[in-house]
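Please read the structure below before turning to the comments.
As a basis for the values below, the full set of heavy atoms in this structure was taken, side chains included, without hydrogen atoms, waters or symmetry mates. Letters A, B, ... are given to chains in the order of the sequence lines, protein chains preceding strands, and every chain is numbered from 1.
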Amino acid sequence: MSATPERYNPRQAEPNWQKVWHDRQCFAASDDTDKPKYYVLEMFPYPSGRIHMGHVRNYTMGDVIARFKRACGYNVLHPMGWDAFGMPAENAAMDRNIHPKTWTYENIAVMRRQLQLMGMSLDWSREIATCDPNYYGHEQSMFLDFLEAGLIERKVSSVNWDPVDHTVLANEQVIDGRGWRSGALVEKRELAQWFFKISNYSEELLDALDNLDTWPEKVRLMQRNWIGRSEGVQFSFELEDADGNLLDTRLNVYTTRHDTIFGATFCAVSADHPMTRGCAETSREIADFRRECAALGTSEEAIERAEKKGIPLGVYARHPFQSGVRLPVYAANFVLMGYGEGAIFGCPGHDQRDLDFARKYNLDVIPVVAPADADPATFKIGDEAFLENEDDQSVMINSEFLNGMSVADAKEEVASRMEKAGIGTRRTNYRLRDWGVSRQRYWGCPIPIIHCDTCGVVPVPKSDLPVVLPEDVSFSQPGNPLERHPAWKRVDCPTCGKDASRETDTFDTFVDSSWYFARFCSPHSDVPVDSGAAAYWMPVDQYIGGIEHAILHLLYSRFFMRAMRKTGHIGMDEPFASLFTQGMVIHQTYRTEAGEWVVPTDVISGPQGLRHAETGEPIIVGPSEKMSKAKKNVVDPEHIIEQYGADTARWFMLSDTPPERDIEWTEAGVEGAWRFTQRLWRTIGEASQVAITDAPVPDPLDDAAMALRRATHQALKAVSDDISALRFNRSIARIYELANSLGQVLKQPNRSKELDWAVGEAARILVQMFAPMMPHLAEECWKRLGMPGIVAGTAWPEVASELLVDDAITIAIQVNGKRRDEIKVQKGLPKEEIESAVLQMDNVQRVLAGQTIRKVIVVPDRIVNIVAG
RNA sequence: GCGGGCGUGCUGGAAUUGGUAGACAGACCGGACUUAAAAUCCGUUGGGCGUAUGCCCGUGGGGGUUCGAGUCCCCCCGCCCGCACCA
């Protein structure tokens, strides 16, 4: 890749233009509130070490939007920061004996430099890192405000506990019931933890989704399901013992299928239900069963997939409407304590889990809903529960006073009767649970709470904030270093002055990322968010990130805004006006015959197929998967930049594949992008030989000049629309088209003056159009064309709308739906005239020979379809 | 288990949202240039029949609605993702 004068050399050009942009402070967002604002934000990265291709894709998309909007006259905020707390830093500390802080800041330095190499138009003066006390101190202060506002509570919940590492494990860290690092059998353990009361906002968070109409439908649906609103009835059963004696406790259950009450044949309570706990004290079997359930883990998936099991508790529930009918009460592994009342009645005919359970324990299965055309006497349930479909005309059977009713009517009737009898109430229930934010870890934001033997839980006074993490910690022993720190924990109680101890739990890192976007508005303010700056910049106009954050991060952020509003920190509810979720970067996987993963740079193709570059072993190609260190199918962005330049990498990321889909990184694709940068350079070089003038449009224009102008402005319109809609792949196809047209014109000898004028216009607009994608090359080309200033400081060109419509258009002619010919007509020609012209055409006459015309459909400017037979 | 998504040439994808399927790109093959290679330029490429400017088939499979379906509806097949302490 030696630089000849003919070739564009990104290694020289890119650092040069990056310096120019920096010196001119092109990308610093001013707080000039007179200008219309545009806030574009990509999800900030975790500083894991080096940027990866996923970052390149994400940040390139955001940068295209930022540069485009800036050119369109907006005051653009495009900041960057670091989601800098989290477990990998602690893992590094344990594995490599490096302090989490050192590790994190070293990574930040590397990644900041790499992002700068990419030519991102970021406002670095606003950079924040969540592990900086200047950031997390404000987080602590908001926590105290939330606490005072009643948005936070402390309660006990169960976690996966690794008894060897003395740490809580994420579900994904539990593999076959054992801790991923220690291999120890994982226990369920009850811990007192802090919760944000997000469930206070269940209904609001759900309803407000309707207004987020520029979010992907998929994400809104995922959030709706996550919040999980259901309409049902909460009611209580009377309980009796084996001998039929009434007990003094009742069993509360929640159900959405109260219509099936006559099909109930058992009750089931969670293994963590107080009733089960009570029974476990006197029964060894029940205690064992509880232990078995605990080993299942806490994930809903594991619980639902597990074989349905239970154990009788020796008590019976009296049917509310059928005296003498009693239902055995089981503790069961598929009933979740966190949902509803942690207790259900089982109706095996109409719920698959209940049916599986009933079959296992030989319980009765009574069908109570049947298709309208079924015979109630013979309708039976086989291996599949009969579920009511939405449009089903099902009717109630075997249900006394409900017989013959629809499911909806039966629900209504049962709810009313229960309310009248005083045993139940209608209730809207949500699946959304409160957000547990306590983490028993070091590298996170300390929770600003003090525990005092006398005063109990005492908030740290705001004047004592921030509670700063101690740096002199060791990771040589398992467990949380804060727990065993000699001095940090000890503190005087702010209320009574006696010896007390600090909370040693830190926040879930989702707390850090739930408000960083608001902090970017005023990153140096001495309050969490400056209200004036936030009122101007918020909400984020375009948020871009991975689909993996579709639920938690986005839902927590939506909650946080509401909590911040309630405590006076911000004046709006929704953080992200528009959301875009981009796909992953994937790559083929390579293995040796022995099954070892091989990095792509070690694979060479030779006459005998793919071989290992060093050992010569044959290489087996596997499917394309998300780039991961584990499978070694990674390509290092910095390596690509060194080889081809940032513009080529950026261009490749935007070409061909729609941004929401997974993109496959291929060497051939990168080569193609590289060749195109060179082609643009040559084309612009040739165009620069033509005098570029700012003379007005020559009048009249010859046909060739007119055609090129049309192509230019049609491309400009399409590219503008496509960038606005984040359809980068389509805008790139249009740029190729214009580059092709311009290249063709430049090959023509003896061009007219008018055509050369159009060449100048096309070249100038072409450069501006690809500038958001390949900003360095664009600056170099701009200079070559002799244009004043820099592209980054130049307004987006205006579309000459009179050139967008061709006066003659080609429309297809179909006979019986099959295309037979086409006709070129004046745009807007009336139906009748099109019809008569078409019917006279030779091809049409030929195809129609001997047939009767039954109907002629003419859609002006679109199509003609002749129905004949 | 529950919930969601996707399926178009050899490949990535496009299709004005019901109106000429395959834009644009990659790859391959052929040609030009070159001592040669690279680069560049030109051309071919969904399948089948065929002398044809012609016909038939074709958007995972099957059925339906419609003058007209890649697009809308129903059923089926295949692949992928999420499921609350990874971030």
Side-chain angles (χ1 to χ4, degrees), chain A residues 4 6-7 43-46 48 83 85-88 159-160 167-174 193 217-219 221-222 224-226 228 298-306 308 334 338 352-353 356 431-441 508-510 512-513 546-553 555 584 623 625-626 655-658 660-664 666 668-669 671-673 675-676 678-679 682 718 727 729-730 732-737 740 743 747 810-822 842-843 846-847 854-857 859 861-868:
Chain A
T4 66
E6 312 303 323
R7 287 171 81 76
M43 291 180 184
F44 67 164
Y46 179 78
S48 55
D83 190 13
F85 276 137
M87 281 209 318
V159 295
N160 299 311
T167 186
V168 175
L169 299 175
N171 285 327
E172 69 153 21
Q173 294 171 329
V174 181
Q193 311 211 60
E217 194 48 50
K218 180 183 176 178
V219 173
L221 195 64
M222 283 166 90
R224 279 194 192 103
N225 291 335
W226 192 257
T298 57
S299 93
E300 197 165 291
E301 184 191 6
I303 288 164
E304 293 222 13
R305 256 202 233 264
K308 308 296 173 277
F334 62 94
Q352 193 60 44
R353 292 166 302 184
D356 295 345
R431 180 178 167 275
L432 181 65
R433 305 204 292 254
D434 280 334
W435 172 19
V437 295
S438 297
R439 296 291 181 271
Q440 296 68 36
R441 302 219 165 87
D508 175 8
T509 56
F510 273 125
D512 312 329
S513 56
I547 187 71
E548 66 273 22
H549 293 293
I551 298 173
L552 294 185
H553 164 57
L555 196 61
M584 297 182 298
E625 295 183 55
K626 180 182 181 174
S655 312
D656 293 350
T657 304
E660 69 278 8
R661 260 191 239 180
D662 289 352
I663 188 171
E664 172 148 23
T666 62
E671 290 282 350
R675 282 198 302 271
F676 187 61
Q678 296 300 339
R679 200 170 110 206
R682 282 194 307 275
R727 294 183 296 232
N729 56 321
R730 300 210 316 190
I732 279 181
R734 302 309 299 263
I735 290 172
Y736 271 111
E737 280 177 349
N740 291 345
K747 259 185 238 151
T810 305
I811 62 179
I813 299 161
Q814 298 180 336
V815 176
N816 291 331
K818 283 186 178 151
R819 184 185 166 280
R820 295 299 174 188
D821 205 345
E822 56 185 37
D842 291 347
N843 262 343
R846 185 179 51 75
V847 175
R854 304 199 185 276
K855 203 172 171 186
V856 180
I857 288 129
V859 183
D861 302 343
R862 287 273 168 86
I863 205 160
V864 177
N865 190 9
I866 302 163
V867 186

Name the nucleic acid region contacted by [X], choosing base, sugar-phosphate or nothing; use a 4.0 angstrom heavy-atom cut-off, strictly under.
{"X": "A:N740", "value": "sugar-phosphate"}
{"X": "A:S513", "value": "nothing"}
{"X": "A:H549", "value": "base"}
{"X": "A:R734", "value": "nothing"}
{"X": "A:T810", "value": "base"}
{"X": "A:I547", "value": "nothing"}
{"X": "A:M222", "value": "nothing"}
{"X": "A:Q193", "value": "base"}
{"X": "A:F510", "value": "base"}
{"X": "A:W226", "value": "base"}

Below 4.0 Å: OP1/OP2 of B:U16 and any side-chain N or O of A:R727: no
Side-chain donor/acceptor of A:Q352 to base of B:C2, under 3.5 Å: no
What are the two closest non-hydrogen atoms of [X] and [Y], and how far apart are they?
{"X": "A:A718", "Y": "A:R734", "answer": "CB-NH1, 3.4 Å"}
{"X": "A:I547", "Y": "A:V219", "answer": "CD1-CG2, 3.9 Å"}
{"X": "A:F44", "Y": "A:S513", "answer": "CE2-CB, 3.7 Å"}
{"X": "A:I813", "Y": "A:E822", "answer": "CD1-C, 3.9 Å"}
{"X": "A:T657", "Y": "A:N729", "answer": "O-CB, 3.7 Å"}

When the [atom1] atoms of [N] and [M] are considered, how many whole Å apart are they?
{"N": "B:C41", "M": "B:C49", "atom1": "C1'", "value": "35 Å"}
{"N": "B:C75", "M": "B:G26", "atom1": "P", "value": "42 Å"}
{"N": "B:C33", "M": "B:A37", "atom1": "C1'", "value": "13 Å"}
{"N": "B:G13", "M": "B:G64", "atom1": "P", "value": "31 Å"}
{"N": "B:U59", "M": "B:G54", "atom1": "C1'", "value": "24 Å"}
{"N": "B:A23", "M": "B:A14", "atom1": "C1'", "value": "5 Å"}
{"N": "B:C72", "M": "B:U11", "atom1": "P", "value": "23 Å"}
{"N": "B:C42", "M": "B:G47", "atom1": "C1'", "value": "27 Å"}

Intra- and interstrand pairs of RNA chain B - dot-bracket, Watson-Crick/G-U under 3.5 Å, | marks other strand: (((((((..(((......[....)))(.((((.......)))).)((((....))))..(((((..]....))))))))))))....
B/S/- contact track for nucleotides 41-60 of chain B, protein heavy atom under 4.0 Å: SS-----------SSSS---
Heavy-atom protein contacts under 4.0 Å, nucleotides 64-75 of chain B, coded B base, S sugar-phosphate only, - none: ---BS-------
Would you kindly give the [atom1]-to-[atom2] distance between [X] and [N], to the nearest whole Å?
{"X": "A:E737", "N": "B:G22", "atom1": "CD", "atom2": "C1'", "result": "14 Å"}
{"X": "A:Q678", "N": "B:A38", "atom1": "CD", "atom2": "P", "result": "17 Å"}
{"X": "A:F676", "N": "B:C24", "atom1": "CZ", "atom2": "P", "result": "13 Å"}
{"X": "A:I735", "N": "B:A25", "atom1": "CD1", "atom2": "C1'", "result": "13 Å"}
{"X": "A:F334", "N": "B:C83", "atom1": "CZ", "atom2": "C1'", "result": "19 Å"}
{"X": "A:R862", "N": "B:U16", "atom1": "CZ", "atom2": "P", "result": "9 Å"}
{"X": "A:R353", "N": "B:G3", "atom1": "CZ", "atom2": "P", "result": "11 Å"}
{"X": "A:N225", "N": "B:G1", "atom1": "CG", "atom2": "C1'", "result": "15 Å"}

Conformer about C1'-N of B:G47 - syn within 90° of 0, anti elsewhere: anti
Syn-anti status, with the boundary at 90° from 0, for the nucleotide B:U11: anti
Parallel, tilted or perpendicular: rings of A:Y736 and A:F676 (30°, 60°): tilted
Heavy-atom check, side chain of [X] versus side chain of [Y], under 4.5 Å:
{"X": "A:Q440", "Y": "A:V159", "value": "no"}
{"X": "A:V867", "Y": "A:N816", "value": "yes"}
{"X": "A:V847", "Y": "A:I866", "value": "no"}

For [Y], is there any backbone N or O sitting under 3.5 Å from a side-chain donor or acceptor partner on [X]?
{"X": "A:D508", "Y": "A:R439", "answer": "no"}
{"X": "A:R431", "Y": "A:W226", "answer": "yes"}
{"X": "A:R441", "Y": "A:V168", "answer": "yes"}

Working to the nearest 0.5 angstrom, can you tell me the gap between [X] [atom1] and [Y] [atom2]?
{"X": "A:D656", "Y": "A:R661", "atom1": "CG", "atom2": "CZ", "answer": "12.0 Å"}
{"X": "A:R353", "Y": "A:D356", "atom1": "CZ", "atom2": "CG", "answer": "10.0 Å"}
{"X": "A:M87", "Y": "A:Y46", "atom1": "CE", "atom2": "OH", "answer": "9.0 Å"}

5' priority, RNA chain B, between A:I813 and A:R439 [closest heavy atom]: A:I813
Of A:V864 and A:F85, the one whose closest RNA chain B nucleotide lies more 5': A:V864
Those residues that, when tested against A:D861, pass side chain to side chain contact (heavy atoms under 4.5 Å, CB included) (two or more places apart): A:I809, A:K827
Between the protein and nucleotides 5-13 of chain B, which nitrogen or oxygen pairs come in under 3.5 angstrom?
{"unit_1": "B:G12", "atom_1": "O2'", "unit_2": "A:T657", "atom_2": "OG1", "d": "2.7"}
{"unit_1": "B:G12", "atom_1": "N2", "unit_2": "A:D656", "atom_2": "OD1", "d": "2.9"}
{"unit_1": "B:G13", "atom_1": "O2'", "unit_2": "A:D656", "atom_2": "O", "d": "3.4"}

Nucleotide nearest A:A812 (side chain, heavy atoms from C-beta), chosen from B:A27, B:C24, B:U20: B:U20
Shortest side-chain distance from A:Q440, nucleotide among B:G3, B:C85, B:A87: B:C85
A:D434: partners by salt bridge (charged side-chain N to carboxylate O under 4.0 Å, His left out), with sequence neighbours left out: A:K155
